[in-house]
Number of protein chains: 2
Amino acid sequence: MPIGAAIDHAGSADQMTDTPKVQPRAATPGRRATQRPTIRDVSRLAGVSRMTVSRVLSDPELVLPATREKVHKAIADLGYVPDRAAGSLSSRRTGFIALMLPTLTNANFAAVAHGLTEALREADYHLLIAYTDYDMAEEERQLRNLLARRPEALVLTGAVHRRNASRMLLAADIPVVEIADLPSQPIEHAIGFSNYQVGRTAARYLIDAGFTRIGAIAASPEGEVTDHRGEERMRGFEDELRLSRMSTAMVMRHGTAPVSFHHGAGAIRALVERDPAVEAVFAVSDLSAVGAVMECQRMGVRVPDDISIMGFGDFEIGREINPALTTIHADFRALGLRTGEMLRELLADGGDAEARMIDVGLRVIERASIRGR
Amino acid sequence: MPIGAAIDHAGSADQMTDTPKVQPRAATPGRRATQRPTIRDVSRLAGVSRMTVSRVLSDPELVLPATREKVHKAIADLGYVPDRAAGSLSSRRTGFIALMLPTLTNANFAAVAHGLTEALREADYHLLIAYTDYDMAEEERQLRNLLARRPEALVLTGAVHRRNASRMLLAADIPVVEIADLPSQPIEHAIGFSNYQVGRTAARYLIDAGFTRIGAIAASPEGEVTDHRGEERMRGFEDELRLSRMSTAMVMRHGTAPVSFHHGAGAIRALVERDPAVEAVFAVSDLSAVGAVMECQRMGVRVPDDISIMGFGDFEIGREINPALTTIHADFRALGLRTGEMLRELLADGGDAEARMIDVGLRVIERASIRGR
DNA sequence: CTCCTTGATGGGACCGATATCATCGTAACT
DNA sequence: AGTTACGATGATATCGGTCCCATCAAGGAG
């Protein structure tokens, strides 16, 4: 067929084979005036078959430049955007990666989502985000919703321990990556750091700095709403103190997850009230730690002269306050990026790779909120 | 049929009509061992038709309790999770709401996503989030990706002004809600506050407080990467000063969007260097404002005695620092919730409602970072 | 006793893409 | 020149659900 011979919109290709056969589904009269253009509309306008349009979009090399151009023009004229739901169904590739987080309202988790998106952008994967607000009951519901979208992989923070959840995961049969922790019994892959080790490291650091009266700040679990990873940190913290034969730390449980600046402020006040002689305090999150520092300023308690404060997470604000906050750094952005890379490998491989466990490590960031020996 | 008569897995309903006809698509041998269960597997196991299974899941009232139970058992046994892509294709309802944000790494935008999710949760909508990192070129790409998923509505921050983008929006033919600003030419619905008014309010407030040497802190636009809403605030700020016949404010443009604590610290330092006599400073974001307060502490500049600082956004940290930050509050969480409510109405109505414009208002929160007259 | 209504379920087409194979014209080879 | 190979394009079945009827049994009205 000579190029350009079929620019008129009638009498070509797909058109006749696609005549309605029996009773077409009701056109839902009076709803939306405009009918969204489909690949068929494009094919008709361009005078080619639907397959050719599909090829132009997914593998343009296969199509003659002249044809390609006709198709692109038709696409532009119609404002056509392909329907990925239909494409997914046929190709069995949705291009979705599911991500389940405790909350988005936390800079570090937001950073994970951010890094992950970036790593997956050029591979044309789209992140499907769900969050549980630290509620385990919600977790299962969210998981079901996510799986219904047929993601090609699943990224989780925190364990999914429900019976049903496990069954669903098994049936889904996709790569699962747990992040931001290193579980003793990972579902499959894991990439992160040990929250338990965070706690131990913090305790060790404070002990080595010569403190003997050490306190801690955490949230108190409330039914199904629990910050498991924060609890892990506390467990490590208490274990390390115990192993060092220190008297039990004073652990202030205050409020519920998620913690916040305000949480830290309330907690340190309560803690100091209960033990005015406390020398050093570890907070399970920088948010609490920063709040604690601010409250100390208000109470006239000098940091670090009167009380030393240590956090976790290395949030930006910790670098900016006075005194700057000593903290334990875990690189969440990199976590997201590396998870993205791992996913791309796993998905390219066909997903039958060995289970991997990657420790991105921890780093104590020494700043000014801890008194030197 | 007597209850329970068809528990054996053979010889019932759908089975015979579903024999493969010609050349079935290759079973991709050696890929995944497990085949994901489909509605057909459930129907066979339960001894009912696919339609009955579908009904059990979408409208259980229509199905006899006994039948319902059989189906539920089969679903549980197989770990069946319905494929929403298939369902969407058929029902033309994807259950997606698209949300486009500048970034997730901002507590206020994260709060919008959070509120929106909550408002839509029980209506069984799932949020599809994309973010642009303040990059307009990225915006169009992201928009196309979102529309390909056939969301039932689109929530945007900031204007989408590209030609192609408009065409796509038109063809998509879904409700569009712009949030966190009140554009002079809204695409359709809008719910938020006027960023221009934020700037004017801030300037008015500082003028009324008796300051005459007033500065401002903002990011500098860089090519396609621009914080349009922040620029609107600056425009309002400068206009108000001009209208009050004040000498032009000293506007410090420092770094690029998005702004951060660190941005504020650098900006105030540069600003004070350039004009040591500056009395009051408005920052387009609390993040910058808090960073500025912290830097002042470091420089030995007293807030508010030597310099007054005002922010925008009412971030949590602003409440906790010393002195607490005077700021302009816009309720982003409520914004998310109200947007969710509006969407539910729009979607129930069939989407042909009048274009609405809702102003959620602003509130100056007076705290300690501004010197009294 | 027949007809009609109602409730529960099934049959088949269809949503809008893509995988696969078929077709056809032309270039490259013996 | 005849044949094979290849490149470009088309036809058709199919992905896994749901919509719209059709069917059938049971109960009520006439």
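We name chains A, B, ... by the order of the sequence lines, and we start the count at 1 in each one.
In this structure, the nucleotide among D/dT18, D/dC15, D/dG17 sitting nearest to the side chain of A/R92 is D/dC15. Counting only heavy atoms from C-beta on, B/V63 has its side chain closest to C/dT9 among C/dA17, C/dT9, D/dC20. In the set D/dC20, C/dA8, C/dG16, the nucleotide with an atom closest to the side chain of B/L89 is C/dG16. Checked against C/dG16, D/dC19, D/dT9, the side chain of A/T67 finds its nearest nucleotide in D/dT9. Of the listed nucleotides (D/dG17, C/dG10, C/dA17), C/dA17 has the atom at the smallest distance from the side chain of A/D83.
Rounded to an integer number of Å, the gap from CZ of B/R44 to C1' of D/dG16 is 13 Å. Between the CD1 atom of A/I75 and the P atom of C/dG16 there is a distance of 16 Å, rounded to whole Å. Between the CD1 atom of B/I39 and the P atom of C/dG10 there is a distance of 12 Å, given to the nearest Å. One interatomic measurement links the two molecules: CZ of A/R40 to C1' of D/dT12, which rounds to 12 Å at whole-angstrom precision. Counting to the nearest Å, the C1' atom of C/dA19 and the CG atom of A/D59 are 13 Å from each other. Between B/R149 atom CZ and C/dG16 atom P the separation is 17 Å, expressed in whole Å. Here the P atom of nucleotide D/dC15 and the CG atom of B/D41 are 12 Å apart, to the nearest Å. Here C/dT18 presents its C1' atom at 12 Å from CG of A/L57, a figure rounded to the nearest Å.
Phosphate contact (OP1/OP2 of C/dT18, side-chain N/O of A/R93, threshold under 4.0 Å): absent. Using a 4.0 Å cut-off, no side-chain N or O of B/T52 falls inside it from OP1 or OP2 of C/dA8. Taking only side-chain nitrogens and oxygens, B/Y80 comes nearer than 4.0 Å to OP1 or OP2 of D/dG17. OP1 or OP2 of C/dC15 has not a single side-chain nitrogen or oxygen of A/T38 nearer than 4.0 Å. The phosphate of D/dC19 (OP1 or OP2) has no side-chain N or O of B/R55 nearer than 4.0 angstrom. Phosphate proximity of D/dG10 to A/S49: present, with a side-chain N or O under 4.0 Å from OP1 or OP2. Taking side-chain N and O atoms only, B/S90 has no distance below 4.0 Å to OP1 or OP2 of D/dG16.
In terms of heavy-atom proximity, B/E341 sits nearest to B/A119 at N-CB, 4.3 Å.
A search for side chain to side chain donor-acceptor pair (under 3.5 Å) contacts involving B/R356 returns B/E345, not counting sequence neighbours. Considering only residues two or more places apart in sequence or on other chains, B/Y131 meets the side chain to side chain donor-acceptor pair (under 3.5 Å) condition with A/T117.
The ring-ring contact (aromatic ring centres under 6.0 Å, His included) pairs that include a residue from residues 81-101 of chain B are A/F96-B/F96, where partners are two or more places apart or lie in different chains. For residues 44-92 of chain A, the set of pairs meeting the ring-ring contact (aromatic ring centres under 6.0 Å, His included) definition, not counting sequence neighbours, is empty. Sequence neighbours left out, the pairs with a member in residues 71-81 of chain A that pass salt bridge (charged side-chain N to carboxylate O under 4.0 Å, His left out) are A/K73-A/D77.
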field: side-chain contact (heavy atoms from CB on, under 4.5 Å) between B/R150 and A/V81, worked out
entry: CA-CA 9 Å; B/R150 296 291 186 267; A/V81 176; 4.1 Å; yes
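The residue among A/E61 and B/S88 whose nearest nucleotide of DNA chain D is located toward the 5' end is A/E61.
Nucleic acid contact class of A/S58 (heavy atoms, under 4.0 Å, all strands): none.
A salt bridge links B/E138 to B/R141: at least one charged side-chain nitrogen sits closer than 4.0 Å to a carboxylate oxygen.
In the helix from C/dC1-D/dG30 to C/dT30-D/dA1, the rotation axis of the first five pairs and that of the last five pairs differ in direction by 50°, rounded to 10 degrees.
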